[in-house]
Amino acid sequence: MRELNPQQQQAVTAGTGAILVLAGPGSGKTRVLTQRIAYLIGNMGVRPYHILAVTFTNKAAREMDERIGDLLGERNRGLTLGTFHSTCGRILRREAQYLPFDQNYVIYDADDQIRVVKQVVKDLNLNDKLYRPHGLHASISNAKNELLLPDDFPVQTYRDEVVKRVYERYQKTLLASNALDFDDMLLWTAYLLDQMPAVRERYARRFEHILVDEFQDTNMAQYTLLKHLASFHRNIFVVGDADQSIYRWRGADYRNVLRFEEDYPDSQVILLEQNYRSTQTILDTAMAVIDQNPTRTPKKLFTERGKGQKITLRELYDDREMASFIVGQIAKDIAAQKNQPGDFAVMYRTNAQSRILEEAFLAAYLPYKLVGAQRFYGRREVKDVIAYLRLVYNPRDEISLMRVINIPRRGIGDKSILTLRTYAQQVNLSSGEVVLQLGNGTGTEHGDALPNRVAATLAGFGRLLSSWHTQKDELSPMGLMDLILGDVEYRTYLEDGTEEGKERWENVMELRRLASEYQERSLEAFLENIALVSDQDTIEAGSNVPTLLTLHAAKGLEFPVVFIVGLNDGTLPHIRSFEDPEAMHEERRLLYVGITRAEDQLYLLHALNRFNYGYMEPADPSRYLDDIPLELVSGASARHSPSTDAIFRPERWNDSAELREVEPKYHPGMNIIHAAWGDGMVLNSKIEDDEEIVDIFFEGVGLKRVVASLAHLEVKS
């Protein structure tokens with residue numbers, strides 16, 4: 001307790017009842033949560049079995065579990081700690097008798113869900129150009145987050161009618177496959193606790209204390225779940241920060257913080273304002289941005305780390321010059337041994353912005369890692385092996401069957417698959433059940449009804465499936481994987497003599513390594529864990545290279561040096577948010593989250609021009625930059641004056657040493673010749689100590705930074 005500041009101590013030692021901890025970024029909320037659990041067990045005598053702690057990522061859950069273990073040792077056994085989805089998963093399997101699916105359900109990932117929607121659109125003869133599967137799925141997901149089943153889906157327009165029809169068929173398809181999507185795990189648990197009072201009371205009595213991390217990211221389904229589980233003891237301890245709520249697009253509702261205070265009028269509210277991550281200048285910048293949002297609880301973030309250096313605000317000619325500037329700055333700092341490569345993060349609003357950045361890193365031979373790109377679990381060969389395992393675990397899994405029934409090729413083409421699906425519907429079985437019965441000899445009537453060649457090829461695969469299915473409980477997940485890979489000769493199928501084939505097999509071996517960690521656990525546990533992995537869970541720890549990631553993916557992370565790029569109106573805030581005040585508030589929160597990831601140094605970059613449909617056009621700086629006080633900024637540009645009192649108004653720079661009368665001779669886009677390096681193009685030019693410093697990209701030698709007066713540059717006409 002001596003290591004905690006007064007606000008943290010107040011939160012950890014708070015009594016019983018409802019407690020709302022509003023934790024600013026970098027304020028040690030994980031420490032508070034873990035110490036609170038330790039305090040409940042060690043000081044208040046609460047048995048671990050009666051404590052439930054939920055968070056949003058496996059990574060956060062593991063970190064909390066390790067810290068609690070360090071504090072309590074073996075005394076934390078019986079504690080229920082995990083993500084919302086994993087906690088719901090355990091409840092659903094235990095209480096499956098009350099639900100319309102069996103306990104050996106599988107979890108469909110995002111790709112699987114879209115495949116089901118596409119099949120439904122096809123089955124309903126809908127125009128997939130008019131009713132795009134991703135848009136339909138988003139509407140279904142939003143309905144589930146609001147706890148609306150298909151019968152409850154509100155219809156006000158013809159599109160709503162179409163969504164309702166797709167939702168009904170989508171849900172029937174999932175249940176027929178004994179499968180759930182991510183939203184179902186929350187929906188069905190909330191439904192169970194609402195409709196089954198005895199079940200609700202059993203869990204509500206068990207969990208004397210409930211602790212929740214990242215409370216601002218909860219949706220209505222999660223909030224309802226928590227209310228049900230806390231309905232008996234009403235001891236609920238939630239930690240969050242409405243200013244960091246950035247997942248509205250997937251159902252998160254920061255207003256749950258307000259609902260909490262309404263539903264628990266006697267709740268204690270505790271602020272955590274001391275930051276242990278960033279310098280005061282970075283915190284002041286963040287507060288200047290977020291203080292403009294209405295209906296929020298003000299927090300005065302402070303740190304003992306000192307003021308630190310000013311933030312760097314730069315205007316670059318376009319996205320390419322911006323990327324070159326970033327790569328050059330990183331290379332310079334690494335060469336000067338100011339930072340390690342892994343200290344740097346480059347953050348952006350949309351995934352599309354990463355392409356030009358990647359090109360710049362590749363051109364400079366600088367390695368990097370890209371978060372949220374092709375996830376390991378999204379690779380074709382990994383999904384194949386997982387589909388085999390899921391099918392063995394649950395033969396009713398239609399999506400997995402369709403994926404692997406002809407991989408490697410075994411003569412089961414589209415026509416045979418259509419015949420199988422049609423016949424399975426006629427006899428009221430899943431396609432997998434028909435195949436399994438053909439293989440184990442219990443489905444002779446299927447063989448008689450199906451065409452001979454189709455029945456023979458399906459029976460061949462069915463015999464393999466039946467063999468694996470009978471051994472699934474005897475073998476470890478890795479043992480079962482080895483059996484399947486050997487039986488189907490998957491390595492021969494993958495390794496086609498190319499480097500790509502070898503890399504794909506290495507990915508399969510990496511999945512096998514992960515399975516080896518489940519030697520003492522079940523196939524069910526392995527499949528559930530990999531289904532619920534998030535992008536943040538796949539971030540490699542300890543890889544010493546710069547990180548490229550979206551601002552959404554940056555939540556919960558921290559880096560010594562952060563570049564936030566593309567800070568232009570239309571990008572951040574995004575153009576789709578302009579007409580929606582709530583969306584604009586969230587865009588501001590997104591920038592706040594990005595700023596507060598920085599520990600020591602922050603770069604905010606925007607472009608003078610951007611490409612739009614292949615044409616270069618002028619771009620305005622993000623309006624949010626206007627809120628940053630001038631005294632916090634180094635290197636700002638005075639090219640724009642978008643509004644009164646804006647940071648870019650030239651008159652605000654009259655007394656600043658940052659503005660010099662010397663005008664650059666060389667401008668971005670200018671073609672020049674150097675005696676030794678040949679033809680080049682100016683990327684950037686600035687005045688430092690009365691000297692013009694020019695960044696030039698040369699065709700033969702790459703990026704060079706020169707002092708103009710010494711370089712003897714010749715401008716090409």
Side-chain angles (χ1 to χ4, degrees), residues 1-4 8-21 28-56 58 60-95 189-190 192-193 196-215 218 222-240 260 264 266-268 270 520-522 525 528-529:
M1 295 290 283
R2 286 195 300 270
E3 296 177 1
L4 304 180
Q8 292 173 330
Q9 289 186 24
Q10 181 188 359
V12 169
T13 60
T16 56
I19 300 162
L20 171 61
V21 180
K29 66 179 179 61
T30 304
R31 171 184 283 188
V32 166
L33 277 166
T34 53
Q35 293 273 13
R36 172 68 176 176
I37 293 170
Y39 185 82
L40 290 174
I41 297 170
N43 293 65
M44 295 179 65
V46 181
R47 289 174 55 203
Y49 177 77
H50 294 301
I51 298 174
L52 166 66
V54 289
T55 186
F56 274 83
N58 293 318
R62 282 195 301 270
E63 183 179 350
M64 285 179 61
D65 191 39
E66 289 169 3
R67 291 195 188 187
I68 294 168
D70 291 341
L71 288 169
L72 295 175
E74 294 294 312
R75 295 164 65 195
N76 67 340
R77 282 198 172 172
L79 173 71
T80 301
L81 168 62
T83 64
F84 272 97
H85 287 88
S86 64
T87 303
C88 288
R90 286 193 289 270
I91 293 174
L92 293 176
R93 294 194 194 279
R94 197 174 295 134
E95 312 297 341
T189 309
L192 171 74
L193 298 178
M196 299 293 169
V199 176
R200 177 177 66 244
E201 185 171 356
R202 177 153 38 91
Y203 284 98
R205 281 178 177 272
R206 172 186 168 180
F207 295 125
E208 294 177 14
H209 289 269
I210 297 171
L211 300 95
V212 187
D213 191 13
E214 303 287 8
F215 183 67
T218 55
Q222 288 159 331
Y223 185 79
T224 303
L225 271 172
L226 293 169
K227 279 187 67 177
H228 283 318
L229 293 171
S231 59
F232 188 82
H233 298 286
R234 295 179 67 83
N235 294 326
I236 182 166
F237 183 99
V238 302
V239 181
F260 185 89
Y264 303 95
D266 297 329
S267 62
Q268 298 182 58
I270 301 168
E520 305 301 323
R521 299 176 66 188
S522 64
E528 182 162 304
N529 184 68

- [ ] Using a strict cut-off of less than 4.0 Å between a Lys/Arg side-chain nitrogen and an Asp/Glu carboxylate oxygen, indicate whether Arg67 and Glu63 qualify as a salt bridge.
- [x] yes
Task: Arg206 backbone acceptor or donor facing His50 side chain under 3.5 Å - done: yes
Task: Minimum-distance pair of heavy atoms, taken over all atoms of Ala61 and Gly82 - done: CB-CA, 4.0 Å
- [ ] Work out which heavy atom in Leu81 is nearest to a heavy atom in Arg90; give both atom names and the distance.
- [x] O-NH2, 4.1 Å
TODO: Carefully, step by step, assess Gln222 and Phe56 under the rule side-chain contact (heavy atoms from CB on, under 4.5 Å).
DONE: CA-CA 11 Å; Gln222 288 159 331; Phe56 274 83; 3.7 Å; yes
Open item on the list: Taking the side chain as everything from C-beta on, heavy atoms only, tell me whether Cys88 gets closer than 4.5 Å to Leu225.
Closed with: yes
TODO: Please step through side-chain contact (heavy atoms from CB on, under 4.5 Å) for the pair Val212 and Leu226, ending with a clear verdict.
DONE: CA-CA 9 Å; Val212 187; Leu226 293 169; 3.7 Å; yes
TODO: Test Gln9 against Tyr39 for side-chain hydrogen bond (donor to acceptor under 3.5 Å, both in side chains), laying out the working first.
DONE: CA-CA 11 Å; Gln9 289 186 24; Tyr39 185 82; over 6 Å; no
Task: Considering all heavy atoms, the nearest Ala230-Tyr264 contact - done: CB-OH, 4.1 Å
- [ ] Not counting sequence neighbours, which residues clear side chain to side chain contact (heavy atoms under 4.5 Å, CB included) with Glu201? List them please.
- [x] Arg205
TODO: Side-chain contact test, heavy atoms from C-beta onward, threshold under 4.5 Å: evaluate it for Val238 versus Val21 and give yes or no.
DONE: no
Open item on the list: Using a strict threshold of under 4.0 Å (side-chain N to carboxylate O), is an ion pair present between Glu214 and Lys29?
Closed with: yes
Open item on the list: Would Leu229 and Leu193 count as a side-chain contact (heavy atoms from CB on, under 4.5 Å) here? Give the steps.
Closed with: CA-CA 8 Å; Leu229 293 171; Leu193 298 178; 3.8 Å; yes
Task: From Glu208 atom CD to Leu52 atom CG, the distance as rounded to the nearest 0.5 Å - done: 12.5 Å
- [ ] Indicate the ring-plane relationship of Phe260 and Phe215, choosing parallel, tilted or perpendicular according to the 30° and 60° boundaries.
- [x] perpendicular
Task: Flag side-chain contact, heavy atom, 4.5 Å: Ile51 against Leu211 - done: yes
Task: Side chains of Asn235 and Ile210 in contact at under 4.5 Å (non-hydrogen atoms) - done: no
Open item on the list: Would you say that Tyr49 contacts Thr80 through its side chain, given a criterion of any heavy-atom pair below 4.5 Å between the two side chains?
Closed with: no
Open item on the list: On a heavy-atom basis, which atom in Thr16 and which in Gln268 lie closest, and how many Å separate them?
Closed with: O-NE2, 4.3 Å
- [ ] Could you tell me the separation between the CD1 atom of Ile270 and the CZ atom of Phe237, rounded to the nearest 0.5 Å?
- [x] 6.5 Å
Task: For Arg31 against Leu4, the heavy-atom pair lying closest together - done: CD-CD2, 3.2 Å
TODO: With rounding to the nearest 0.5 Å, note down the distance linking OG1 in Thr55 to CG in Leu33.
DONE: 8.0 Å
Open item on the list: To the nearest 0.5 Å, what is the distance between CG on Asp213 and CE on Met64?
Closed with: 6.0 Å
TODO: State the CG-CG distance between Asp65 and Asn58, to the nearest 0.5 angstrom.
DONE: 11.5 Å
Task: Taking every non-hydrogen atom, the tightest pair across Arg36 and Val12 - done: NH1-O, 3.0 Å
Open item on the list: I need the Phe207 CZ to Phe232 CZ distance, nearest 0.5 Å.
Closed with: 14.5 Å
